[in-house]
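Contents: one structure, followed by commentary.
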Amino acid sequence: MKLILLGAPGAGKGTQAEIISETLRIPTISTGNIIREALKSGTELGRKAKGYMDSGQLVPDDIVIGIIRDRLAQPDCADGFILDGFPRTIPQAEALDRMGVAIDRVIEIEVADDTIARRVSGRRICPGCGSSYHVDYKRPTVEGICDRCGDTLVQRQDDRPDTVRERLSVYHEQTEPLKSYYAAAGKLFVVEGQEEIADTSRLVLAALEQ
Ligand code: ADP
Ligand code: ZN
């Protein structure tokens with residue numbers, strides 16, 4: 001199963017990706033996590049990406065396409081994968097097609113903008129392993145501490161309210177056109193994002209079985 005998760009920032013792609021990944025035993029590839037990782041370890045990629053990311057802009061296509069090309073060549077991607085946060089522009093989708101990657105399904109998680117703004121403000125991430133949490137919807141066992149690795153949770157720089165507004169407008173302008181792109185290919189399944197994570201998961205897993 002080669003799957004793309006589409007949706008606005010904070011729609012719950014990463015959370016659903018984790019659940020599908022465990023259910024289907026295929027890796028999740030999150031360009032956001034890969035870039036944050038590079039930022040943290042101070043690589044050249046991280047240096048190039050930082051300004052864009054902090055201001056809520058997209059990192060240039062050629063950089064992100066390079067990341068994905070390298071990642072999909074790894075052996076653990078052979079039996080399938082979930083793309084979370086890629087493609088985010090039409091040229092990225094075209095590049096994926098040109099790589100000869102045959103996507104089976106694209107699932108779009110739809111959430112209204114005002115709900116997004118509320119959710120993102122409560123999001124916390126683990127700088128150690130990239131896991132994400134929410135102060136109301138997905139609380140760690142011990143407050144402020146990652147269940148998986150024990151690191152202290154933080155709020156992402158780009159989850160501050162004004163940056164979130166910018167990211168939403170970037171989403172509507174540059175990423176939303178992908179819905180028509182994949183609908184035209186007969187691959188798009190739309191899932192209405194629910195209040196509860198488990199309810200959205202049920203809808204997502206049902207869309208995978210259609
Ligand atoms: P979210 O989970 O809120 O959708 P991500 O963690 O996926 O956010 O991405 C955070 C930031 O990383 C984006 O705002 C952008 O700057 C950069 N980024 C991630 N994926 C891509 C991509 N495919 N193309 C360009 N920039 C990207
Ligand atoms: Zn962790």
Among residues at least two apart in sequence or on other chains, which ones pass side-chain hydrogen bond (donor to acceptor under 3.5 Å, both in side chains) with [X]?
X: Asp104; value: none
X: Thr89; value: Asp61
X: Asp158; value: Arg156

Applied to residues 201-210, the side-chain hydrogen bond (donor to acceptor under 3.5 Å, both in side chains) test, sequence neighbours excluded, yields Gln16-Ser201, Asp199-Arg202
In short, ring-ring contact (aromatic ring centres under 6.0 Å, His included) pairs touching residues 47-100 with sequence neighbours left out are none
How close do [X] and [Y] get, counting heavy atoms only, and between which atoms?
X: Ile26; Y: Met1; result: CD1-O, 3.5 Å
X: Ile82; Y: Ala17; result: CD1-O, 3.6 Å
X: Gly14; Y: Asp84; result: CA-OD2, 3.3 Å
X: Pro87; Y: Leu96; result: CD-CD2, 4.2 Å
X: Ile29; Y: Ile34; result: CG2-CD1, 4.1 Å

Residue set satisfying salt bridge (charged side-chain N to carboxylate O under 4.0 Å, His left out) with Arg148, at least two apart, ordered chain then number -> Glu18
Check whether any side-chain N or O of [X] sits under 3.5 Å from a backbone N or O of [Y] as a donor-acceptor pair, and report yes or no.
X: Lys13; Y: Ala8; result: yes
X: Gln194; Y: Glu192; result: yes
X: Arg119; Y: Ala11; result: yes

